[in-house]
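Working notes for the structure below.
Along the sequence shown, residues carry numbers from 1.
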Amino acid sequence: MTGVTRELVRLPTHPGLRGLVAGVVGFRERSDTPLERRQPAGTLLPLVLSFGDPFEVVEVGAGQGEGTYGSFLSGFMPGPASTRSGRSHACVQVYLTPLGVSRLLGIPGREVAASVVSVDDLVPELGTSFSEQLAEAGTWRQRFTLVQSALLARAGDETDPLVSWLWDRITESGGQARIRDLVAETGWSHRYVTTVFQRTVGLTPKAAAGVVRFERAAADLGRLPVAEVAVRHGYADQSHLTRDTVRYAGETPVVLAASRRPTAHTALGTSPAGSRARGAPGRA
């Protein structure tokens, strides 16, 4: 692309953040004109700690938070979001898991789901003054150390075992597990499980599973025929996959595959993956 230079740096994530942070990248971009991007829904939630030109959130497809931001968090989104970056942008992007939001930022995921929120309002100590520290740091490694040290210092109590177990079962099934069956394994009521899960994760188990399944399917678009992607990921048919893709990405599977939209996983150089199943932490 003419008139654009980019720098993307990945360094290992601290072991103490495992399960809470999927990865951290340093990103710097300069362009002759502002750049617009649309990002489909996904399960990794970007905490963008900026030290360059502000970001403009142009549209939140299934939520709220349009506006101009320095540093911001994008909560668990059930739809796409569009951004516009300035001509000289630099940031450290922390890709939080849905369980990491509550433990590292100290807020229930429900409070930021389907929303873009300023870090200055959410976690002031990671806001403007912290951005100045990032700008003054001489290397990306120093910036990563600053960020990860700040997050480690904030790590709160362990996640409710019920929520952790249910999230792992949803992800390891690729979003295809029947929520009703999983709830039955716990011995708790559907209402209780849904309430506890949504408070931490931000979305209901069913809504979260929908995003997980779409994310896995989207990773196969362009590699396999659309009909085969639909079968592989448990959609009723190709039309069902198309409806979900429009819902979560704002465009059809063919357009999404051709556009090669950036995602958290492309930034991290990874692909969506499941977790090892464990027995349900049922009622005593």
Side-chain angles (χ1 to χ4, degrees), residues 13-24 41-47 73-78 94-115 151-152 154-219 232-235 244 248 263-265 268 270-284:
T13 303
H14 191 285
L17 297 173
R18 186 172 294 122
L20 307 177
V21 172
V24 184
T43 59
L44 300 183
L45 317 181
L47 173 64
L73 169 73
S74 180
F76 205 163
M77 292 284 182
V94 182
Y95 290 100
L96 300 171
T97 69
L99 304 184
V101 170
S102 58
R103 284 201 56 198
L104 297 178
L105 302 186
I107 54 168
R110 180 178 56 195
E111 293 187 7
V112 293
S115 300
L151 293 176
L152 286 165
R154 295 186 55 84
D157 295 338
E158 293 290 331
T159 304
D160 186 323
L162 172 61
V163 175
S164 297
W165 175 84
L166 184 54
W167 175 247
D168 279 354
R169 290 300 301 271
I170 289 171
T171 55
E172 67 92 16
S173 73
Q176 297 185 53
R178 291 169 63 90
I179 301 302
R180 180 173 57 191
D181 294 342
L182 294 179
V183 171
E185 286 189 55
T186 71
W188 295 99
S189 71
H190 194 282
R191 180 177 181 180
Y192 175 79
V193 172
T194 297
T195 298
V196 171
F197 184 90
Q198 186 173 14
R199 182 171 61 238
T200 296
V201 172
L203 303 181
T204 67
K206 182 177 180 180
V211 177
V212 170
R213 180 165 65 166
F214 161 73
E215 185 176 55
R216 303 292 175 85
R232 172 174 289 199
H233 295 280
Y235 289 94
D244 259 22
Y248 293 120
T263 68
H265 288 289
L268 294 173
T270 61
S271 59
S275 303
R276 183 166 56 89
R278 304 188 300 272
R283 300 179 65 172

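Annotation: the span from Phe197 atom CZ to Leu162 atom CG amounts to 9.5 Å, rounded to 0.5 Å. Put simply, CG on Leu44 and CG on Leu268 are 6.5 Å apart, with the number rounded to the nearest 0.5 Å. Note that the CG atom of Asp168 and the CG atom of Leu99 stand 7.5 Å from one another [nearest 0.5 Å]. In this structure, Ser173 OG and Ile179 CD1 are separated by 7.0 Å, a value rounded to the nearest 0.5 Å. Here the CG atom belonging to Leu104 is positioned 6.0 Å from the CG atom belonging to Leu17, to the nearest 0.5 angstrom. Between Leu203 atom CG and Ile170 atom CD1 the span is 10.0 Å, to the nearest 0.5 Å.
Side-chain atoms of Ser115 come within 3.5 Å of backbone atoms of Ala113 as a donor-acceptor pair (strictly under, hydrogens ignored). Between the side chain of Thr194 and the backbone N or O of Arg191 there is no donor-acceptor pair closer than 3.5 Å.
Considering every non-hydrogen atom in both Val212 and Gly174, the closest pair reads CG1-C, 3.6 Å. The nearest pair of heavy atoms linking Pro205 to Leu166 is CG-CD2, 3.9 Å. For Thr97 against Gly19, the heavy-atom pair with the smallest separation is OG1-O, 2.8 Å. Across every non-hydrogen atom of Leu182 and Ala177, the tightest pair is CD1-CB, 3.8 Å. Of all the heavy atoms in Pro46 and Tyr95, the pair that sits closest is CB-CE2, 3.9 Å. Closest approach of Phe76 to Gly42, counting heavy atoms only: CE2-O, 3.5 Å.
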Q: Applying side-chain contact (heavy atoms from CB on, under 4.5 Å), run through Thr263 and Glu215 and close with a yes or a no.
A: CA-CA 10 Å; Thr263 68; Glu215 185 176 55; over 6 Å; no
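Looking at Val112 and Leu105, their side chains never come closer than 4.5 Å, going by heavy atoms from C-beta outward. By the 4.5 Å heavy-atom criterion applied to side chains, Thr43 and Trp167 are counted as neighbours. Val24 is not listed as a side-chain neighbour of His14, based on a closest heavy-atom distance of 4.5 Å or more. Taking the side chain as every heavy atom from C-beta outward, Leu45 and Leu47 never approach each other to under 4.5 Å. With contacts defined as side-chain heavy-atom distances shorter than 4.5 Å, the pair Arg216/Gln176 does not qualify.
By the 6.0 Å contact criterion, CG on Asp181 is enclosed, its count of non-hydrogen atoms from other residues, nucleotides or ligands being greater than 12. Within 6.0 Å of CZ on Arg154 lie more than 12 heavy atoms contributed by other residues, nucleotides or ligands.
Applying the salt bridge (charged side-chain N to carboxylate O under 4.0 Å, His left out) rule to pairs touching residues 94-115 yields Arg103-Glu158, sequence neighbours excluded.
In summary, the side chains of Ser271 and His265 do not present any donor paired with an acceptor at a separation below 3.5 Å, with no hydrogens or angles considered.
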